[in-house]
Amino acid sequence: QVQLVESGGGLVQAGGSLRVSCAASGRTLSSFTMGWFRQAPGKEREFVAAINWSGHSTQYADSLQGRFTISRDNAKNTVYLQMNSLKPEDTAVYCCVAGKREIFNTGRYDLRGSYDYWGQGTQVTVSS
């Protein structure tokens, strides 16, 4: 089992930056592809970003490319999501996910069903 706990969410003005973190326990993080999904009120959960087990490869939702950066520190068992130039439409609950290593290379990193473990999420609110 893997437990994922997100932190770092909060209220930020449009144009600002925020970094959310995901601390894992139960197993070594390097065993997993990691990712972030988000869900805004009244909308479906959507893919944000994914990172392979070593941290050398990343993927992003097309609409977020260039503003968001996913990274990981396997020694600290932690994954990060740096969010810059935030917009009100980025307001959502951001959830950390963990899945098998191979989902990254098979192109299934953006599918909710690919991930075995989900955190509870952290709220990010961007004011206009």
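Computed from heavy atoms alone, side chains included, the values below leave out hydrogens, waters and symmetry copies. Bear in mind that the values here come from a model prediction, so they are computed numbers and not experimental data. The chain is numbered in sequence order, starting from 1.
The distance from atom CZ of F47 to atom OG of S63, rounded to the nearest 0.5 Å, is 10.0 Å. In this structure, Q1 CD and S25 OG are separated by 10.5 Å, a value rounded to the nearest 0.5 Å. From Y60, atom OH reaches atom CG of L81 across 8.0 Å, with rounding to the nearest 0.5 Å. For the atom pair CD of Q82 and CG of L18, the computed distance is 8.0 Å after rounding to the nearest 0.5 Å. Atom CD1 of residue I103 and atom CG of residue D110 lie 9.5 Å apart, to the nearest 0.5 angstrom. Rounded to the nearest 0.5 angstrom, Q13 CD and S128 OG are separated by 9.5 Å.
At distances below 3.5 Å, at least one donor-acceptor pair connects side-chain atoms of E6 with backbone N or O atoms of C96. Counting only distance, with no hydrogens or angles, the side chain of R72 and the backbone of G55 share no donor-acceptor pair below 3.5 Å. A distance-only check finds no donor-acceptor pair linking the side chain of Q120 to the backbone of V5 [under 3.5 Å]. Judged by distance alone, the side chain of T91 and the main-chain N or O of V126 form a donor-acceptor pair under 3.5 Å.
You'll find the ring centres of Y115 and F32 outside the 6.0 Å limit.
When the side chains of ILVMFWY residues are joined at heavy-atom separations under 4.5 Å, either directly or via intervening members, L64 and Y109 end up in two distinct hydrophobic clusters. When the side chains of ILVMFWY residues are joined at heavy-atom separations under 4.5 Å, either directly or via intervening members, F104 and Y117 end up in two distinct hydrophobic clusters. Cluster annotation: Y80 and I51 are assigned to distinct hydrophobic clusters (Ile/Leu/Val/Met/Phe/Trp/Tyr, side-chain heavy-atom contacts under 4.5 Å, transitive). In terms of hydrophobic clustering, with Ile, Leu, Val, Met, Phe, Trp and Tyr side chains grouped at heavy-atom distances under 4.5 Å, V48 and V79 are assigned to a common cluster.
Of all heavy-atom pairs between S85 and S17, the closest is N-OG, 4.3 Å. The shortest non-hydrogen separation linking A24 to L4 is CB-CD2, 3.7 Å. Between T78 and S21 the shortest heavy-atom distance is CG2-CB, 4.3 Å. Annotation for L29 and M34: closest pair CD1-SD, 3.5 Å, computed over non-hydrogen atoms. Across all their heavy atoms, R45 and F37 have their closest contact at CG-CB, 3.9 Å. In terms of heavy-atom proximity, T33 sits nearest to N52 at OG1-CA, 4.5 Å.
Side-chain contact between W36 and C95: absent, with no pair of heavy atoms (C-beta onward) separated by less than 4.5 Å. Taking 4.5 Å as the limit, some side-chain heavy atom of M83 sits within range of a side-chain heavy atom of V20. Here the side chains of N105 and E102 are not in contact, with every heavy-atom distance at 4.5 Å or above. T28 is not listed as a side-chain neighbour of N74, based on a closest heavy-atom distance of 4.5 Å or more. Put simply, the side chain of Q123 does not reach to within 4.5 Å of the side chain of L11, judged on heavy atoms.
Residues satisfying the ring-ring contact (aromatic ring centres under 6.0 Å, His included) criterion with F68, sequence neighbours excluded, are absent altogether.
Counting only residues at least two apart or on different chains, the salt bridge (charged side-chain N to carboxylate O under 4.0 Å, His left out) pairs with a member in residues 11-40 are R38-E46, R38-D90.
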